[in-house]
Amino acid sequence: MFAIVLKTAQLFSFMRSTEITPDKDGEQVTLAGWVHEVRDLGGLVFIVLRDREGFIQITLPKKAVEREVFNRARKISRESVIKVEGIVKREDKAPNGFEIIPKTIEVLNGSSAPLPLEVTEKVPAELDTRLDNRFMDLRRPKVSAIFRIKSQVVRSIREFLYEEGFIEVQTPKIVSTATEGGTELFPISYFEREAFLNQSPQLYKQILMSAGFEKVLEIGPIFRAEEHNTTRHLNEATSVDIEMSFTDHEGVMKLLERLVAKVYADIIEKCDKFLKILEIKLEVPEVPFPRISYSSAIEIASKSQEIPWGEDLDLQALKTIGAEIGGFYFITEWPTKIKPFYVMPFEDEKISKSFDLMHGYIELASGAQREHRYEKLVEAIKAKGLHPESFEFYLKAFRYGMPPHAGWGLGLERFVMAMLDLGNIREAMIFPRDRVRLSP
RNA sequence: GCCCGGGUGGUGUAGUCCGGCCCAACAUGAGGGCCUGUCGAGCCCUCGCCCCGGGUUCAAAUCCCGGCCCGGGCGCCA
């Protein structure tokens with residue numbers, strides 16, 4: 001049923017490269033895609049057709065195809081979009097054991113030359129050149145594979161969390177106040193007022209705990225106006241956020257590590273083809289992940305440098321710790337003063353029920369049990385030098401029955417970067433926004 | 001924002017240190033030609049480049065100054 005609907009939605013019906021096999025020998029098929037390469041041997045021409053799923057060889061022996069088709073085919077420019085009707089022929093000399101002998105080749109739209117970069121990967125291209133010509137960069141199988149995997153990552157996250165009873169929500173990305181302090185926000189013009197692009201759905205997902213949703217999930221963009229210029233920061237990223245009532249930090253850490261393991265298992269099972277293209281071998285990480293308290297983390301870091309208790313861990317420290325622990329691990333029990341106001345402190349108020357999920361030296365997620373007691377929360381806001389009045393829309397939800405709750409936010413691009421061992425987070429974002437890039 | 005490195009055909013590099021041998025080289029590409037089993041096809045011919053501005057010099061891709069742009073490291077960053 002679905003397939004029929006899909007086909008009627010198409011301009012014409014065609015098969016994908018992976019749907020054809022040698023045992024379709026003799027059958028007539030229609031294909032559509034891009035001309036990856038043309039190899040003209042004189043009396044024999046090969047066209048390598050590329051579509052979403054792979055490559056297929058179109059073979060034109062001079063004597064076996066119409067002269068007009070033959071002469072036109074050898075002149076088609078690379079990356080032109082063509083439609084091919086032909087007969088499948090079993091052939092041991094062809095890749096995958098078959099080829100297509102065309103009856104007609106229609107150029108649906110020709111490509112200009114020269115190309116802004118090599119789709120064939122014979123010549124490398126710099127990231128900047130690639131991003132300027134992302135439409136073409138994404139035609140490269142290795143680049144495309146990253147986003148096919150990312151798509152499955154998002155799907156697996158949704159499936160897992162829906163299965164766990166989470167309700168997916170969408171919270172506003174345009175907000176009125178510079179909410180939590182800490183990061184810089186992008187100001188925007190909102191009619192006669194100034195507004196901001198939201199840095200995180202944090203406050204909204206907490207309000208929804210008061211609303212009685214119990215378990216919420218949001219996958220959406222977050223915006224940070226920091227002028228950072230590194231291989232692991234973006235100014236627009238995707239955050240996977242959850243918030244859950246009647247649990248604590250331990251509860252949501254367990255959920256997070258199970259989620260990570262489930263996504264890895266799904267990717268291994270469903271994205272084998274793309275992992276092979278990327279030459280990556282994945283293993284499902286073992287659960288539970290190691291838990292390292294902040295205090296023991298600074299002790300490990302002391303091998304390379306002294307971190308006074310209460311200071312944040314800098315990159316050097318995280319590299320030392322990451323090298324020691326390896327893989328996924330949690331850093332827990334952070335000093336309250338370096339975490340945001342909404343984290344729940346322990347009895348000893350210097351330490352908070354907070355955690356970061358790490359992979360090597362990269363922070364993938366951070367979370368905590370939240371402060372749900374109104375008076376304590378107001379105090380915490382003041383202690384950060386912020387004004388409770390500007391949080392009234394949020395604080396109000398804490399005065400009329402706010403359950404204890406906990407949650408986390410996971411950076412989707414960081415997660416994909418860690419999984420696929422990408423050297424630059426921009427590789428994990430289809431159209432990245434960084435300090436200087438605003439186009440395409 | 002700081003420090004370092006860089007900008008050479010459409011793409012990716014060599015040449016810069018120590019000015020002349022560079023009207024710039026290699027690969028890929030583009031245009032044309034030969035070739036019936038290519039699969040990073042092969043062979044022949046042709047085309048196309050020194051970021052911008054100023055300076056030094058007989059002579060600048062190369063040295064100096066300014067600008068713009070890019071990369072890396074760090075910082076900033078729930």
Side-chain angles (χ1 to χ4, degrees), chain A residues 36-49 55-65 70 74-75 77-79 89 91-97 99 111-133 136-137 140 179-185 198-203 206 222-235 237 239 241 312-316 318-319 334 336-343 352 354-357 363 365-368 370 380 384 386 407-411 414 423-424 426 434-437:
Chain A
H36 192 67
E37 283 185 288
V38 179
R39 295 196 197 96
D40 183 354
L41 275 63
L44 183 64
V45 174
F46 298 102
I47 293 175
V48 179
L49 182 73
F55 299 99
I56 198 160
Q57 178 166 291
I58 314 297
T59 304
L60 297 95
K62 194 169 189 171
K63 288 174 184 160
V65 298
F70 182 84
R74 53 198 296 215
K75 294 296 166 204
S77 58
R78 292 195 310 161
E79 295 306 317
K89 187 185 167 208
E91 173 57 71
D92 291 339
K93 283 178 279 190
N96 306 319
E99 60 197 12
S111 170
S112 299
L115 304 172
L117 51 83
E118 283 296 315
V119 180
T120 57
E121 313 201 31
K122 284 179 202 167
V123 181
E126 284 199 13
L127 186 59
D128 201 47
T129 305
R130 291 173 45 205
L131 293 176
D132 281 342
N133 301 283
M136 187 148 290
D137 184 46
R140 301 158 82 189
T179 49
E180 304 158 46
T183 194
E184 294 290 321
L185 302 184
N198 209 177
Q199 69 187 91
S200 141
Q202 180 63 33
L203 306 184
Q206 286 195 68
I222 55 168
F223 305 91
R224 309 270 164 109
E226 296 298 333
E227 297 191 358
H228 35 49
N229 193 221
T230 77
T231 52
R232 55 192 188 283
H233 291 271
L234 291 168
N235 294 289
S239 182
D241 269 275
D312 207 349
L313 302 173
D314 64 19
L315 197 69
Q316 183 52 53
L318 292 174
K319 281 182 174 168
W334 290 80
T336 307
K337 71 167 183 180
I338 55 170
K339 284 289 174 183
F341 63 76
Y342 46 76
V343 303
S352 63
S354 58
F355 60 89
D356 281 4
L357 173 66
E363 176 194 334
S366 83
R370 319 303 188 184
K384 293 282 175 191
L386 299 166
W408 42 253
L410 166 71
R414 288 244 178 125
N424 192 319
R426 292 163 183 81
D434 62 29
R435 178 67 185 85
V436 290
R437 182 170 291 279

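All of these numbers come straight from a predicted model, not from anything done at the bench. Below, read A as the first sequence line, B as the second, and so on, with proteins coming before strands; counting in each chain starts at 1.
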Q: Searching all strands shown, indicate the nucleotide that pairs with B:rC23 (Watson-Crick or G-U wobble; both distances under 3.5 Å).
A: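 No nucleotide pairs with B:rC23.
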Q: Between B:rG73, B:rG37, B:rC74, which one does the side chain of A:Thr231 approach most closely?
A: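 Of all the options, the side chain of A:Thr231 is nearest to B:rG73.
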Q: For nucleotides 9-11 of chain B, tabulate all protein N/O to nucleotide N/O atom pairs closer than 3.5 Å, reporting atom names and distance.
A:
from	atom 1	to	atom 2	distance (Å)
B:rG10	O2'	A:Leu115	O	3.1
B:rG10	N2	A:Glu118	OE2	3.3
B:rU11	O2'	A:Pro124	O	3.0

Q: Scan every strand shown for a Watson-Crick or G-U wobble partner of B:rA41, both distances under 3.5 Å, and answer none if you come up empty.
A: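 The base-pairing partner of B:rA41, which may sit in any strand shown, does not exist here.
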Q: Taking pairing as Watson-Crick or G-U wobble with both contacts under 3.5 Å, can you name the mate of B:rG48, or confirm there isn't one?
A: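 B:rG48 is paired with nothing.
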Q: B:rG73 P sits how many Å from A:Leu318 CG, rounded?
A: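 To the nearest whole Å, that distance equals 15 Å.
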Q: Who is the Watson-Crick or G-U wobble partner of B:rU56, with both distances under 3.5 Å?
A: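 With both distances under 3.5 Å required, B:rU56 matches none.
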Q: Would you classify A:Val436 as touching base, sugar-phosphate or nothing, given that sugar-phosphate means primed atoms plus P, OP1 and OP2, and contacts are heavy atoms under 4.0 Å?
A: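 Counting heavy atoms under 4.0 Å across all strands, the contact made by A:Val436 is with sugar-phosphate only.
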Q: Between B:rC35 and B:rU11, how far apart are the two P atoms, rounded to whole Å?
A: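 Straight-line distance between the two P atoms is 34 Å.
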Q: Using atom P in both nucleotides, what's the gap between B:rC17 and B:rC74 to the nearest angstrom?
A: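 So the two P atoms sit 31 Å from each other.
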Q: Any Lys/Arg nitrogen of A:Asp40 or A:Lys75 sitting under 4.0 Å from an Asp/Glu carboxylate oxygen of the other?
A: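 No, A:Asp40 and A:Lys75 are not salt-bridged.
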Q: Pick base, sugar-phosphate or nothing for A:Ala368, based on heavy-atom distances below 4.0 Å to the nucleic acid.
A: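 The residue A:Ala368 makes no contact with any strand.
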Q: Mind calculating the distance between CZ (A:Arg130) and P (B:rG71) to the nearest angstrom?
A: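 My rounded result for the distance is 12 Å.
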Q: For B:rA41, does OP1 or OP2 lie under 4.0 Å from any side-chain N or O of A:Lys93?
A: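 No.
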Q: Starting at atom CG of A:Asp40, determine the distance to atom C1' of B:rC35, rounded to an integer number of angstrom.
A: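 Going from CG in A:Asp40 over to C1' in B:rC35 covers 9 Å.
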Q: With a 4.0 Å cutoff (strictly under), does any side-chain N or O of A:Arg39 reach OP1 or OP2 of B:rC39?
A: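 For B:rC39, neither OP1 nor OP2 has a side-chain N or O of A:Arg39 closer than 4.0 Å.
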Q: Would you indicate which nucleotide in B:rG72, B:rG37, B:rG71 comes nearest to any side-chain atom of A:Asp128?
A: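 So the side chain of A:Asp128 is nearest to B:rG71.
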Q: For B:rU28, which nucleotide in any strand shown is its Watson-Crick or wobble partner with both distances under 3.5 Å?
A: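 The answer is B:rG10, by the H-bond criterion.
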Q: Does any nucleotide pair with B:rG1 by Watson-Crick or G-U wobble geometry, both distances under 3.5 Å, and what is it?
A: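 B:rC74 - that is the nucleotide pairing with B:rG1, both distances being under 3.5 Å.
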Q: Tell me whether A:Glu226 is salt-bridged to A:Arg224, with the criterion being a basic N under 4.0 Å from an acidic carboxylate O.
A: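 No.
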Q: From the options B:rG1, B:rC77, B:rA41, select the nucleotide whose nearest atom is closest to the side chain of A:Glu37.
A: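 That would be B:rA41.
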Q: Would you mind telling me which of A:Glu118, A:His36, A:Glu37 makes a side chain to side chain donor-acceptor pair (under 3.5 Å) with A:Arg78?
A: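 The residue from A:Glu118, A:His36, A:Glu37 that satisfies side chain to side chain donor-acceptor pair (under 3.5 Å) with A:Arg78 turns out to be A:Glu118.
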Q: Taking the C1' atom in each of B:rU16 and B:rG32, what is the distance between them to the nearest angstrom?
A: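 Nearest-Å result for B:rU16 against B:rG32 at atom C1': 36 Å.
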Q: Look at the side chain of A:His233 and the base of B:rC77, then say whether one donor and one acceptor between them are separated by less than 3.5 Å.
A: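 Donor-acceptor pair under 3.5 Å: yes.
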Q: Mind calculating the distance between CZ (A:Phe55) and P (B:rG40) to the nearest angstrom?
A: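 A:Phe55 atom CZ is separated from B:rG40 atom P by 11 Å.
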Q: Grab the NE2-C1' distance between A:His228 and B:rC2 for me, whole Å please.
A: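 So the two atoms are 16 Å apart, to the nearest Å.
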Q: Taking the same atom, C1', in B:rU36 and in B:rA27, what whole-Å distance lies between them?
A: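 To the nearest whole Å, 28 Å.
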Q: Apply side-chain contact (heavy atoms from CB on, under 4.5 Å) to residues A:Gln202 and A:Arg370 and explain how you reach the verdict.
A: CA-CA 10 Å; A:Gln202 180 63 33; A:Arg370 319 303 188 184; 3.4 Å; yes
Q: Please check this pair: side chain of A:Arg232 against backbone of A:Arg414, looking for a donor-acceptor N/O pair closer than 3.5 Å.
A: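 Pair absent, no side-chain N/O of A:Arg232 close to backbone of A:Arg414.
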Q: Could you check how far CD of A:Glu226 sits from C1' of B:rC76, rounded to whole Å?
A: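 Taking atom C1' of B:rC76 as the reference, CD of A:Glu226 is at 6 Å.
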Q: Base, sugar-phosphate, or nothing: which does A:Lys384 touch, judged by heavy atoms less than 4.0 Å apart?
A: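 Nothing, no nucleic acid heavy atom in range.
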Q: Heavy atoms only, 4.0 Å cut-off, all strands: where does A:Thr230 land among base, sugar-phosphate and nothing?
A: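 Contact class for A:Thr230: base.
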Q: Nearest to the side chain of A:Glu99, which nucleotide is it out of B:rG40, B:rC74, B:rG37?
A: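 Of the options given, the side chain of A:Glu99 lies nearest B:rG37.
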Q: Kindly say if A:Lys122 contacts the phosphate of B:rU13, meaning a side-chain N or O under 4.0 Å from OP1 or OP2.
A: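 Result: no.
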Q: Measure from the side-chain heavy atoms of A:Leu315 and tell me the nearest of B:rU38, B:rC74, B:rG33.
A: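 Shortest atom-to-atom distance from the side chain points to B:rC74.
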Q: Using atom P of each nucleotide, how far apart are B:rG33 and B:rG72 to the nearest Å?
A: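 Pairwise P distance, B:rG33 against B:rG72, rounds to 44 Å.
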Q: Need to verify one output field. Residue with the more 5' nearest nucleotide on RNA chain B, A:Lys63 or A:Glu363?
A: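 Closer to the 5' end of RNA chain B: A:Lys63.
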Q: Select from A:Phe46 and A:Asp241 the residue whose nearest nucleotide in RNA chain B is closer to the 5' end of that strand.
A: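 Whichever sits nearer the 5' end wins; that is A:Phe46.
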Q: Rounded to whole angstroms, how far apart are CZ on A:Arg426 and C1' on B:rG72?
A: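 A:Arg426 atom CZ is separated from B:rG72 atom C1' by 11 Å.
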Q: Is there a donor-acceptor pair under 3.5 Å between the side chain of A:Ser77 and the backbone N or O of A:Ser111?
A: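 Yes; judged by distance alone, with no hydrogens or angles, the pair exists.
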Q: Report the nucleotide, chosen from B:rG75, B:rA41, B:rG72, that has the shortest atom-to-atom distance to any side-chain atom of A:Asn424.
A: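 Nearest to the side chain of A:Asn424 among the choices is B:rG72.
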Q: Using whole Å, what does the distance between atom C1' of nucleotide B:rC34 and atom CG of A:Leu44 come to?
A: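 Interatomic distance, CG of A:Leu44 to C1' of B:rC34: 15 Å.
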Q: Should the heavy atoms of other residues, nucleotides or ligands under 6.0 Å from NZ of A:Lys62 be counted, would the total exceed 12?
A: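 Count not over threshold, so no.
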Q: Give A:Asn229 one of three labels, base, sugar-phosphate or nothing, depending on what nucleic acid heavy atoms sit under 4.0 Å from its own.
A: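 Base contact.
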